[in-house]
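Sequence lines set the chain letters: A, B, ... in the order given, protein chains first and strands last, and positions in each chain run from 1.
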Amino acid sequence: MQLFKQQTLKISNSLSGKKDVFKPIKEGYVGMYVCGPTVYSNVHLGNCRTFMSFDMIFRYLKHLGYKVRYVRNITDAGHLENDAEDGEDKIAKKAKLEQLEPMEVVQRYTVDFHETLQQFNFLSPSIEPTATGHIIEQIEIIKEILKKGFAYVANGSVYFDVIKFNETNDYGKLSGRKLEDMIANTRALAAQDEKKSPQDFALWKKAEPQHIMRWPSPWGDGFPGWHLECTAMSTKYLGDTFDIHGGGMDLKFPHHECEIAQAEASTGHSPVNYWMHANMLTLNGKKMSKSTDNNIYPNEIFSGENSILSKPFSPSVVRFFMLQAHYTSILDLSDDALLASEKGFYRLMEGLKNLETLAAGDTTDFDIPSWEQRCYDAMNDDFNTPILISHLFEAVKHINLIKEGKENITTKDKASLQNILHTFIFDVLGLEDQQESSGNSKTLSGVVELLIQLRNNARANKDFATSDKIRDELLELGVQLKDGKDGTTFTVN
RNA sequence: GGCAUCGUGGCCGAGUGGCUAGGCACAGCUCUGCAAAAGCUUGUACAGCGGUUCGAAUCCGCUCGAUGCCUCCA
């Protein structure tokens, strides 16, 4: 069952800039941390893509037999609007706006987040820590960084000293930036007096009297900086050095760069072996963003209530659509692309159903073991789901040929094929056959079967007016009849 | 302005120094009472211009274009 001993997994590592062979720190175990959402509004589809990519990665690692501890945080405090003096906490700002308690805001959007992810069939992470639950840990790290001399206190706030850090370490190694360039290109911001250098970032911010969310600290009442929470929570649950750290591409700089700096400053060594970045989902060719309103919410897609798409699309179709692109590529959402994915997805599900009904033969005209290995090869090559899906369609093609009587499969191979397909489609890709789960299916299929019988009787009597009427009217209701070699089947759209 | 990524056939989207991606759409054929479904076949694409090479869409350079980051964002 320890497939990882047979398969060589390669991962695109943003830190090395290459595809590296994955070797966990402790054989058989993987520690993975992914930056979760800031719960100050509903998750939009762009957010979901990142979490979906890591859900797929989590699933595949588990499938390979690794014991994975997957930590995905909830940012419920400390996320500043900007680093300027008037920096305001996103949660607190929203709370004032809506006349709610900050924790009420957090609760509302955390629930929304979970509900949305559930619809997409995400697995729960092993631990889902919150920033506010780890204030003590964050203060401890700040103390440690101060002790090492890489931070300074200014007027009740604590800042990370980037220039000092860069003397002994490499600030910018993840994002490919040089500190000199950054300094040369810094825009002159007003009210930066507290910071020694504009590149310095807050570890702890002093809370102004009107600030609602505040905690006591050795430097006075305040709240932690955004970058720090991920350092605190990742190292608390995964150790000072862990295997995989993931997140959206847009967090690479400065967020992840700062995480590296904080960890190296406090512990003296690099916190993460493999940095993974999921690319953006775009809409109208532009990145989805809460602040620019260029976004679409999952529920708007499921319900069809939006101005972009011609019809509703189910969560599995959306999931399939996203998995047809590699997670490191930018993907653009469009009606045409979703329509194409929807048809493809139904074809895949249809193939799976057809497989169950195949009659077994004496031989198999389809090299299943080598095909299976190609499926693994695709996933081992940096989780290449588009290639995996193309292989799945290859299997569908064979299934249809067998159904047509043009190829054969033995009982044993049929079971094996069924097993492999189920594993990849449902366990690894996390897709769901939503027609199956749509309830009432027993009644419906009974009724349709009856109509099929009536239609076949009519056809036998050459009463094509009746048979076509049954066929066409069923189609209008969304039931498509399919005349095959061994009788008639149907699908519901 | 700086850093980075990308530019693939009608659309979406993989990939590789020389050999079929795949899905959707379109066309022809097979099957069918007719369709649909399914199967088969065809399309010969890799932004432009140079260079390296026996050979490049794949490596290098330049040009053009797009996007991301540089300020909050997955």
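- Shown for residues 46-61 of chain A: residues whose heavy atoms fall under 4.0 angstrom of RNA chain B, namely A:G46, A:N47, A:T50.
- Within the nucleic acid shown, A:N354 has no heavy atom closer than 4.0 Å to any nucleic acid atom.
- Figure legend: A:R59 and A:F122 shown without cation-pi pairing, the cationic atom not lying both under 6.0 angstrom from the six-membered ring centre and within 45 degrees of its axis.
- In this structure, B:C69 and B:G2 make a Watson-Crick or G-U wobble pair, each of the two defining distances being under 3.5 angstrom.
- Separation of the P atoms belonging to B:G10 and B:A45 is 10 Å when rounded to the nearest angstrom.
- On the C1' atoms, B:G2 is 15 Å away from B:U71, given to the nearest whole Å.
- In terms of phosphate contacts, A:R347 brings a side-chain nitrogen or oxygen within less than 4.0 Å of OP1 or OP2 of B:C24.
- Atom NZ of A:K397 and atom CD1 of A:I402 lie 13.0 Å apart (nearest 0.5 Å).
- Counting non-hydrogen atoms under 4.0 angstrom, A:K406 reaches the backbone sugars and phosphates but no base.
- The cationic atom of A:R177 (NZ for Lys, CZ for Arg) lies less than 6.0 Å from the six-membered ring centre of A:F253 and within 45° of the ring axis.
- Looking at A:D332, its side chain has no donor and acceptor atom pair within 3.5 Å of the base of B:G13.
- Note on A:D377 versus A:R374: no salt bridge recorded, every NZ/NE/NH1/NH2 to OD/OE distance being 4.0 Å or above.
- Within the 4.0 Å cut-off from OP1 or OP2 of B:A25, at least one side-chain nitrogen or oxygen of A:K343 is found.
- Residues from residues 382-391 of chain A with heavy atoms under 4.0 angstrom of RNA chain B, sorted by number: A:N384, A:P386, A:I387, A:S390.
- B:A21 and B:U16 have their C1' atoms separated by 11 Å, given to the nearest Å.
- Applying a 4.0 Å cut-off to non-hydrogen atoms, the residues of residues 247-254 of chain A that approach RNA chain B are A:G247, A:G248, A:D250, A:L251, A:F253, listed by residue number.
- Using a 4.0 Å cut-off between a side-chain N of Lys or Arg and a carboxylate O of Asp or Glu, A:R455 and A:D483 qualify as a salt bridge.
- Classified by interplanar angle (parallel below 30°, tilted 30° to 60°, perpendicular above 60°), the ring pair A:H227/A:H255 is tilted.
- One donor-acceptor pair, N or O on each side, does fall under 3.5 Å between the base of B:C34 and the side chain of A:R471.
- With C1' as the reference atom, B:U41 and B:C26 are 14 Å apart, rounded to whole Å.
- When the options A:F51, A:F113, A:F302, A:F321 are evaluated for a ring pair (Phe, Tyr, Trp, His ring centres under 6.0 Å) with A:F120, the one that passes is A:F302.
- For A:D20 and A:K10, the salt-bridge test fails: no basic side-chain N is under 4.0 Å from an acidic carboxylate O.
- Contact annotation: A:S329 side-chain N/O to B:A14 OP1/OP2 distance is under 4.0 Å.
- Annotation: of the two residues near RNA chain B, A:K403 and A:F320, the 5′-most nearest-nucleotide partner is A:F320.
- With C1' as the reference atom, B:A66 and B:C59 are 23 Å apart, rounded to whole Å.
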